[in-house]
Amino acid sequence: MLKIHAEHLISPSGQAPKKGNEMKKIFEAFDVDIIFNNGKIVDIKKHKITDDFTIKAKLVTPAFVDAHTHIPFFGSRAKEFYLRARGKSYSEIFESGGGIHSSVRMLRNATTDEIVKQNLKYLSLFKRHGIAAIEGKSGYGLEKISELKQLKAMKILNEIQDVKIIPTFLGLHAIPIDINKKDYIDEVKKWLDDIKEFTDTIDVFCDKGVFLPQDIEEFFELAKNKGFKIRFHADEIENVGAAKLAIKLGAISADHLLKISDEDISQIANSNTVATLMPGTSFYLGEDFAPARKLIDNGAAISIGSDFNPGSCPIFNPAFIFHLALRFLKMEPEEILTAYTLNSSYVLGIENGKIEPGYKCDIAIWNTNELLDIPYMFDQNFLSAIIINGKVTIYENI
């Protein structure tokens, strides 16, 4: 039995995914005890002094859940950061053989052990900043053996550290240099039965210069018939109709959505597809931010991800992502908390994201009483402790 004495508790409530104005509705309590047993919340009640083992906490929230990352990758693309700083666009770098193709070359040449070692370091940092679960993607292999290598690395990482990785197959991340688009899609179709051993979710980069809706609809129908759930990189560079196709096919989420239209916003708000937004990418690339306020005001469900990757967003810090969502997506703090916990958990298909009796939840304990301090002073890590699967890691006295 474990007990947390929380001076301030704040958590989403209700059933996921929370949509529109419902995202602002949260459960808040002061001076309460949160009682755990076997990784589940047993009770939340007014604080009472006892002899039981107690963790004292200023602020308690659900741990963050990052709904979109590109872990595991290998190597660095720091030189591309310099090129972008000197005016080169992401598309220009990509078309000249950089971008994803650069990461593909490095990953193909790396061993599984090397990939695990590099990404183990990143996951330790995720945990240290209050993240208990993430989505991870393949997509830097672009050939069967290397795509499977990424998926195997995720499996190993799940076995040797605490942060849960929910794997997604992103074989259609880019078009390999040595094969045409149609032939590559036909080749990836043949891999699906082997992929099923590692994941039940498939993603595609549906955008200008990559895979268009007419290229991939048949592929997705085949994947759905084999029991896969689907996600979309949608309309980040240009509106090519990716969000519309995601909604039509019943995708769990449509991600990025920088170029989504008002018509698309209305459609996604009236669907079960969650809009997964990543303000870190817009910040890093100097692009427009997704219209989060319009999406919420029209009744859509939003989840939050970092898009942590070596090229277009090497940012993982949830406090900074929170800051960007509040400042540039114009989201309210309660909406961001819901998006970054309960709704992200829904997208990943895990029971996380709210603090409620009978519910399994990973917990973040903060050395401040105010939620707003986290995005306000994003360079200061307020995390004092984190509980994942009932296991407590304490980082400082609280």
Side-chain angles (χ1 to χ4, degrees), residues 1-67 127 130-135 158 162-166 200-201 229 252-253 272 274 301-304 318 333-366 371 383-394 398:
M1 191 76 72
L2 169 68
K3 185 168 72 176
I4 302 171
H5 172 209
E7 294 180 16
H8 188 188
L9 164 63
I10 182 169
S11 169
S13 61
Q15 295 303 307
K18 302 295 287 294
K19 302 181 75 172
N21 289 332
E22 292 295 310
M23 290 179 63
K24 279 198 292 191
K25 295 181 180 179
I26 52 115
F27 171 71
E28 190 169 18
F30 297 89
D31 195 31
V32 293
D33 291 331
I34 307 164
I35 302 168
F36 282 81
N37 194 28
N38 295 324
K40 288 214 171 189
I41 301 163
V42 176
D43 202 0
I44 301 171
K45 55 188 179 181
K46 195 66 178 174
H47 174 58
K48 181 180 179 181
I49 298 173
T50 68
D51 294 330
D52 298 338
F53 173 67
T54 302
I55 297 174
K56 295 181 179 180
K58 290 183 178 179
L59 173 67
V60 173
T61 71
F64 292 120
V65 175
D66 192 327
K127 180 181 173 181
I131 296 173
I134 69 168
E135 184 226 22
N158 269 328
D162 296 330
V163 177
K164 290 185 285 289
I165 307 172
I166 312 304
D200 64 356
T201 307
K229 297 178 288 188
I252 302 167
S253 72
N272 293 319
V274 177
I302 287 179
S303 67
I304 294 284
E334 297 85 358
E335 293 169 341
I336 299 166
L337 183 66
T338 297
Y340 222 160
T341 56
L342 188 63
N343 281 2
S344 287
S345 297
Y346 173 84
V347 169
L348 301 191
I350 57 176
E351 189 184 293
N352 281 56
K354 63 178 178 178
I355 299 173
E356 185 176 291
Y359 204 76
K360 178 183 178 298
C361 185
D362 298 330
I363 298 286
I365 297 171
W366 308 93
L371 179 66
L383 189 80
S384 294
I386 189 167
I387 302 171
I388 302 178
N389 289 330
K391 179 181 176 183
V392 183
T393 301
I394 296 177
I398 51 179

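Please read these numbers as outputs of a predicted model, since none were measured by experiment. Side chains included, hydrogens not; waters and symmetry mates left out as well; all remaining heavy atoms used. Each residue takes its place number in the sequence, starting with 1.
When every heavy atom of S303 is checked against every heavy atom of V347, the shortest pair comes out as OG-CG2, 3.7 Å. Among all heavy-atom pairs drawn from A6 and I34, the shortest one is CB-CD1, 4.2 Å. Contact between V163 and I131 at its shortest, heavy atoms only, is CG2-O, 3.7 Å. Of all heavy-atom pairs spanning I355 and T61, the tightest one is CD1-C, 3.5 Å. In this structure, L348 and I134 approach most closely via the heavy-atom pair CD1-C, 3.6 Å.
Residues meeting the salt bridge (Lys or Arg N to Asp or Glu O under 4.0 Å) test with K25, sequence neighbours left out: E22. Every residue two or more places apart in sequence or in another chain was checked for a side chain to side chain contact (heavy atoms under 4.5 Å, CB included) with N272, and none qualifies. Considering only residues two or more places apart in sequence or on other chains, A133 meets the side chain to side chain contact (heavy atoms under 4.5 Å, CB included) condition with V65, K164, I350. In this structure E356 satisfies the salt bridge (Lys or Arg N to Asp or Glu O under 4.0 Å) test together with K354, sequence neighbours excluded. For E7, the side-chain hydrogen bond (donor to acceptor under 3.5 Å, both in side chains) test picks out N369, with sequence neighbours left out. K127 pairs by the salt bridge (Lys or Arg N to Asp or Glu O under 4.0 Å) definition with D162, not counting sequence neighbours. Here K360 pairs with N389 under the side-chain hydrogen bond (donor to acceptor under 3.5 Å, both in side chains) rule; sequence neighbours left out. Residues satisfying the side chain to side chain contact (heavy atoms under 4.5 Å, CB included) criterion with D200, sequence neighbours excluded, are K196, K229. Annotation: salt bridge (Lys or Arg N to Asp or Glu O under 4.0 Å) contacts of K18 (sequence neighbours excluded): none.
Contacts classified as ring-ring contact (aromatic ring centres under 6.0 Å, His included) and involving residues 3-35 (residues at least two apart or in different chains) are given here: H5-H47, H8-F30. Under the side-chain hydrogen bond (donor to acceptor under 3.5 Å, both in side chains) criterion, the residue pairs touching residues 334-350 are R293-E335, with sequence neighbours excluded.
Looking at heavy atoms from C-beta onward, P62 lies in side-chain contact with P12 at the 4.5 angstrom threshold. Residues I4 and F36 form a side-chain contact, since some pair of their non-hydrogen atoms from C-beta on lies under 4.5 Å apart.
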Cut-off 3.5 Å, no hydrogens considered: what does the side-chain donor-acceptor table look like for residues 37-44, sequence neighbours left out?
none

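Surrounding NZ of K46 are more than 12 heavy atoms belonging to other residues, nucleotides or ligands, all under 6.0 Å away.
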